[in-house]
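For reference, the structure discussed in these notes is given below.
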Amino acid sequence: RSGAAGTAEVRESMQITIALAKGRLAEMAEDLLERCGLDVSELREDSRKLVFYDRKNDVRYLLVKPTDVPVYVDHGVADLGVVGKDTLLEAGRPLYEMLDLRYGKCDICVAGYAEKKREEITSAVTRVATKYPRIAKMYYQQKGENIEIIKLNGSIELGPILGLSDVIVDIVESGRTLKENGLSVLETVCAVSARLVVNRVSLKTKYEAIAPLIAKMKEELEAEK
Ligand code: PRP
């Protein structure tokens, strides 16, 4: 095989694809990647594009819904992903979690009406409204409590307000949404933050491209401390 063609093939296969969660975490992910020497200018342009490039560093970015980040990375369509630990716990996919990026810090909590104690809940099993059914199930299973899950996709606080559920399991960042809706944190399930995940095969096959980037991210995070 000719040397030139071989090199081109290797270069092609060394391109890394990073899936970023749209929304709250995107800007912070872009800042961190930029500090690591990557060009994120295309990502920052106001456009409807879904795929972005840093051609100099041979990096491709995908901007997708947070819940889709673990899907892209698990299927190897993206080699790396930046997404919240809440989304990872809920996805339950076999990804390598490489770094805690320490931004996007929130708690996953059980919340409801403070005065509505467990005994006062009249339904036979606690009804839990959540966009995290897997996390909620695991949490209550650990406690040995039977629950009924009501899966919602947003505005979860409406559950107890409208009597659809007794409590909610949701992320709490500032606590403002709960407060403004007359609800309180009843129990804390766990703390979450943004994480860097890697596809298990990519880590081996693209090690030379991925390892230095992870090392640089780690260095940047250490410098922040
Ligand atoms: C999340 C969460 C709460 C809110 C918590 O919703 O579901 O509603 O943020 O943040 P706070 O403690 O700072 O008020 P998100 O904004 O992701 O929208 P959603 O309701 O559409 O899920």
Side-chain angles (χ1 to χ4, degrees), residues 18-33 43-44 46 48 50 61-74 78 81-93 95 97 100-116 121 126-143 145 147-197 224:
I18 308 176
L20 301 175
K22 262 187 211 175
R24 295 183 186 217
L25 300 179
E27 214 171 293
M28 285 182 275
E30 289 162 18
D31 290 348
L32 177 61
L33 292 169
L43 277 164
R44 290 201 175 122
D46 183 21
R48 309 287 298 194
L50 301 168
Y61 305 102
L62 311 175
L63 204 50
V64 300
K65 280 213 168 195
T67 47
D68 289 340
V69 171
V71 182
Y72 284 100
V73 178
D74 191 18
V82 178
V83 69
K85 178 69 178 174
D86 52 324
T87 308
L88 291 174
L89 285 170
E90 187 58 31
R93 288 178 182 262
L95 312 173
E97 193 181 306
D100 180 348
L101 305 178
R102 297 207 303 264
Y103 60 79
K105 285 185 182 172
C106 322
D107 288 324
I108 298 180
C109 296
V110 178
Y113 287 111
E115 70 277 12
K116 202 166 180 181
I121 295 174
T126 307
R127 297 164 305 158
V128 181
T130 186
K131 56 182 167 190
Y132 301 102
R134 190 168 184 267
I135 295 174
K137 253 181 231 163
M138 287 193 296
Y139 177 68
Y140 282 98
Q141 219 162 44
Q142 264 173 22
K143 301 211 314 166
E145 215 178 297
I147 55 156
E148 181 196 339
I149 301 264
I150 299 161
K151 167 83 164 74
L152 294 176
N153 294 299
S155 310
I156 319 295
E157 295 79 8
L158 280 174
I161 293 170
L162 300 180
L164 174 68
S165 72
D166 301 303
V167 293
I168 63 172
V169 167
D170 200 12
I171 51 167
V172 178
E173 191 177 5
S174 64
R176 199 172 151 203
T177 311
L178 287 181
K179 195 163 174 238
E180 291 188 5
N181 289 288
L183 304 172
S184 320
V185 171
L186 304 177
E187 296 160 45
T188 300
V189 176
C190 62
V192 296
S193 55
R195 305 292 157 99
L196 176 75
V197 288
E224 256 175 27

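Counting begins at 1 with the first residue of the sequence. Ligands are counted one by one from 1 in listed order, and the atoms in each one are counted from 1 as well.
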Charged N-O contact under 4.0 Å between Lys85 and Glu97: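 Between Glu97 and Lys85 there is a salt bridge, with a charged N closer than 4.0 Å to a carboxylate O.
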Salt bridge Asp31-Arg44, side-chain N to carboxylate O under 4.0 Å: yes
Pull out every atom of ligand 1 sitting under 4.0 Å from any heavy atom of [X], numbered as shown with elements.
X      : result
Arg176 : 12 (O), 14 (O)
Gly175 : 11 (P), 12 (O), 13 (O)
Val172 : 12 (O)

Do the side chains of Tyr132 and Ile171 get nearer than 4.5 Å, heavy atoms only?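 The answer is yes; the side chains approach within 4.5 Å.
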Mode of Asp170 contact toward ligand 1 - side chain, backbone, both, neither (heavy atoms, under 4.0 Å): side chain
Determine whether more than 12 heavy atoms belonging to other residues, nucleotides or ligands lie under 6.0 Å from atom [atom1] of [X].
X      : atom1 : value
Tyr139 : OH    : yes
Lys151 : NZ    : yes
Glu187 : CD    : yes

Nearest protein heavy atom to [atom], by residue and atom, and its distance?
atom                    : value
atom 5 (C) of ligand 1  : Ile171 O, 3.4 Å
atom 22 (O) of ligand 1 : Lys131 NZ, 2.1 Å
atom 4 (C) of ligand 1  : Thr177 OG1, 3.6 Å
atom 21 (O) of ligand 1 : Gly154 CA, 3.8 Å
atom 3 (C) of ligand 1  : Glu157 OE2, 3.3 Å
atom 20 (O) of ligand 1 : Ser155 N, 3.0 Å
atom 9 (O) of ligand 1  : Arg24 NH2, 2.9 Å
atom 13 (O) of ligand 1 : Ser174 OG, 2.6 Å

How long is the span from the CG atom in Leu63 to the CZ atom in Arg48, to the nearest 0.5 Å? 11.5 Å
Main-chain N/O of Leu89 paired with Arg134 side-chain donor or acceptor, under 3.5 Å: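 Indeed, once roles are kept as given, a pair shorter than 3.5 Å links the two residues.
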